[in-house]
Protein chains: 4
Amino acid sequence: MLIHIDERSTTPIWEQIVQQLKELLLKKVLQPGDKLPSVRELASSLLINPNTVSKAYQELERQRIIETRRGKGTFITETVVPQGSEQQLGDIRQALKMLVIESSYLGVSRDTLVQWIDGYLNELGGESHANRPQSD
Amino acid sequence: MLIHIDERSTTPIWEQIVQQLKELLLKKVLQPGDKLPSVRELASSLLINPNTVSKAYQELERQRIIETRRGKGTFITETVVPQGSEQQLGDIRQALKMLVIESSYLGVSRDTLVQWIDGYLNELGGESHANRPQSD
Amino acid sequence: MLIHIDERSTTPIWEQIVQQLKELLLKKVLQPGDKLPSVRELASSLLINPNTVSKAYQELERQRIIETRRGKGTFITETVVPQGSEQQLGDIRQALKMLVIESSYLGVSRDTLVQWIDGYLNELGGESHANRPQSD
Amino acid sequence: MLIHIDERSTTPIWEQIVQQLKELLLKKVLQPGDKLPSVRELASSLLINPNTVSKAYQELERQRIIETRRGKGTFITETVVPQGSEQQLGDIRQALKMLVIESSYLGVSRDTLVQWIDGYLNELGGESHANRPQSD
DNA sequence: GTGGTCTAGACCACG
DNA sequence: GTGGTCTAGACCACC
């Protein structure tokens, strides 16, 4: 599996899993319909507790990104619904604002930030539904 | 004091204080050399625990943004050191990456993100040392 | 067969079968004395595990809705026994109560609920033994 | 606490807690702003594991019915947002349909169902925002 | 085999 | 004191 856990990070392990699986999906490494490793498999390969993986999977299911079929395992959802609630958009904006403030302090210029964003969007692949770097 | 605490927010109160003080500084509402309210003062005016304010001040001091002069109080540092450690830069990049991924899922376009960034930079005032929107 | 399995649903497959067979019976698509497909037949036509079909049939048999005649197959029971145990009635009431509570939260009005009930009863056909919409 | 756990029930304990707390809220036994018992308190009074209570609280928070203030405890949300997603409405309708089918089998008439609904709505108190028995 | 639930007990951050 | 995270290990339903 292409997931890497940073034990020293302050972000919970289950959240790291959620984020990295989302990233893999946007990068098309994982495709709709694909089967995810079972809870136990992933847990043992990451050397963590199955409950932790389970929590990550449940969160992804809550976000309709994956779905579980009883007794068969967990799969990437076929229909993608790129729709954010007001609440979630507010969270993004809030996080972005704090990030801009921090960047100011660290001497990261506006243009550098934009370059980084474009870089990440390129990593995710140009075909991603909503985001595309300018020059595309 | 121009600080507002959101009790419901998931970000710790001490972190909200740190962020807002930084913001006030970038907006030049607070200037180098200015005296900050004492821990007890700020705590009682915000109706929060003094320990919480103390923790915020400690963090700001760790970042060399404020300094305590024993017996005199807490002051904004005179010398500005807009230089981020590798560690901090890595944190910013990591946060930005996650933000880009989430934005992709919520259907927030690259250009929207850039607009938001420029908006926040304008709020902070165009003269800020490192960042400047657009015309740069 | 007129049965449709929703793999994504959280209700177990065997339960989906039970419910839909009951529905077909109430709709008079299936009549007392009719022969049901064998466990293997139904399983292969629904692309599911025979054990799952078997469990559904066992449940229906427990409820005296179908009966197996050894060597001959499975049939809809001739004698209808529209009499619920206290236990079953309690379950219904409990389920209905939770449904009413959830409806309250979702803003579904009392009248809407009643309309939905009448709608389903109409689907089942007005001649059903115990229930009849409106004119009753 | 006015919560009762049915150990023999098939519905998970955390879900029973969610349902009963919702009911208490609709009955105005719990009011917006009220403090809920702490996770540990409720757990020990119900003789269950704190994790189980925690799961219930997290689910209620996800539904914006309660909110936790760090270090202070868990509280009923002030602003009520009676808004259901399409998905949730579909779930209700599906549950209602199955309930109607079961009722048909158990000989529960349409009018009995409606009477039960009105009874539950009365229990919840006539002032409830969306539902009201006819005669009101 | 799969995931879901629950327990017991630990550690941590926050206030 | 509060809730959040994680582990270890158990049991269960479903397929």
Side-chain angles (χ1 to χ4, degrees), chain A residues 5 7 9-17 35-44 46-61 66-75, chain B residues 5 7 9-17 43 46-56, chain C residues 5 7 9-17 43 46-56 59, chain D residues 5 7 9-17 35-44 46-59 61 66-75:
Chain A
I5 299 302
E7 289 187 339
S9 167
T10 60
T11 60
I13 294 177
W14 66 265
E15 215 169 323
Q16 295 184 38
I17 297 174
K35 186 178 184 306
L36 292 179
S38 82
V39 168
R40 303 195 222 286
E41 261 174 34
L42 188 51
S44 74
L46 296 180
L47 301 175
I48 59 177
N49 190 292
N51 284 333
T52 307
V53 177
S54 185
K55 183 164 188 178
Y57 278 16
Q58 281 174 35
E59 172 63 17
L60 285 165
E61 188 166 15
I66 66 179
E67 62 191 25
T68 87
R69 301 185 198 143
R70 294 150 321 310
K72 295 200 170 172
T74 309
F75 300 81
Chain B
I5 299 303
E7 278 199 323
S9 166
T10 59
T11 58
I13 293 178
W14 66 265
E15 214 169 324
Q16 294 184 39
I17 296 174
L46 296 180
L47 301 173
I48 60 179
N49 192 310
N51 289 333
T52 309
V53 177
S54 183
K55 180 157 189 179
Chain C
I5 298 302
E7 278 198 321
S9 167
T10 58
T11 59
I13 293 178
W14 67 265
E15 213 169 324
Q16 294 184 40
I17 296 173
L46 295 180
L47 302 173
I48 60 178
N49 193 310
N51 288 333
T52 309
V53 177
S54 183
K55 178 156 192 179
E59 173 63 17
Chain D
I5 299 302
E7 290 187 338
S9 166
T10 59
T11 60
I13 295 177
W14 65 266
E15 214 169 324
Q16 295 184 39
I17 297 174
K35 186 178 185 306
L36 293 178
S38 82
V39 169
R40 304 195 222 286
E41 260 175 34
L42 187 52
S44 74
L46 297 179
L47 301 175
I48 59 178
N49 190 292
N51 285 333
T52 308
V53 177
S54 185
K55 183 164 190 177
Y57 278 16
Q58 281 174 35
E59 173 63 18
E61 189 165 14
I66 67 179
E67 63 190 25
T68 87
R69 303 184 196 143
R70 293 151 323 313
K72 293 199 172 173
T74 309
F75 300 82

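As the structure is a prediction and not an experimental result, all values here were calculated from the model. The chains referred to below are lettered A, B, ... by the order of the sequence lines, with proteins before strands, and numbering in each begins at 1.
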Under 4.0 Å between a side-chain N/O of [X] and OP1 or OP2 of [N], yes or no?
| X | N | answer |
| --- | --- | --- |
| D:Ser54 | F:dG3 | no |
| D:Thr52 | E:dT5 | no |
| D:Arg70 | E:dG15 | yes |
| A:Gln58 | E:dG4 | yes |
| D:Thr74 | F:dG3 | yes |

Rounded to the nearest 0.5 Å, what's the gap from [atom1] on [X] to [atom2] on [Y]? Could you check?
| X | Y | atom1 | atom2 | answer |
| --- | --- | --- | --- | --- |
| B:Ile17 | B:Leu46 | CD1 | CG | 6.0 Å |
| B:Glu7 | D:Glu67 | CD | CD | 9.0 Å |
| A:Lys72 | C:Ile13 | NZ | CD1 | 6.0 Å |

So what does D:Thr10 hit on the nucleic acid, given a heavy-atom distance under 4.0 Å: a base, only sugar-phosphate, or nothing?
nothing
Any donor-acceptor pair under 3.5 Å between the side chain of B:Asn49 and the base of F:dG1?
no
Could one point to a donor on the side chain of D:Arg40 or the base of F:dG3 with an acceptor on the other under 3.5 Å away?
yes
Using every non-hydrogen atom in the two residues, find where D:Tyr57 and D:Pro37 come nearest and quote the distance to one decimal.
OH-O, 2.7 Å
Mind listing the closest non-hydrogen atom pair of D:Val39 and D:Pro50 along with its distance?
CG1-O, 3.4 Å
Measure [atom1]/[X] against [atom2]/[N] and give the value in whole Å, please.
| X | N | atom1 | atom2 | answer |
| --- | --- | --- | --- | --- |
| D:Leu47 | E:dC6 | CG | C1' | 14 Å |
| D:Lys72 | F:dG4 | NZ | C1' | 19 Å |
| C:Glu7 | E:dG3 | CD | C1' | 15 Å |
| A:Glu59 | F:dG4 | CD | C1' | 14 Å |
| D:Leu42 | F:dG3 | CG | C1' | 14 Å |
| D:Glu67 | F:dT2 | CD | P | 18 Å |
| A:Arg69 | E:dG1 | CZ | C1' | 16 Å |
| D:Phe75 | F:dG1 | CZ | C1' | 12 Å |

DNA chain E: A:Ser38 or B:Ile48, which has the more 5' nearest nucleotide?
A:Ser38
5'-most by nearest nucleotide on DNA chain E - B:Pro12 or A:Val39
A:Val39
Taking only the side-chain heavy atoms of [X] (C-beta and beyond), determine which of [options] contains the nearest atom.
| X | options | answer |
| --- | --- | --- |
| C:Lys55 | F:dC14, E:dT2, F:dC6 | F:dC14 |
| A:Trp14 | F:dC6, F:dC15, F:dT7 | F:dC6 |
| D:Ile13 | E:dC6, F:dC6, E:dG4 | E:dC6 |
| A:Thr68 | E:dG4, F:dC15, E:dG15 | E:dG4 |

With a 4.5 Å heavy-atom cut-off, do A:Leu60 and A:Thr74 have their side chains touching?
no
Would you mind pulling out the nucleotide paired to E:dC14, Watson-Crick or G-U wobble, both distances under 3.5 Å?
F:dG1
Select from D:Gly73 and D:Asn51 the residue whose nearest nucleotide in DNA chain F is closer to the 5' end of that strand.
D:Gly73
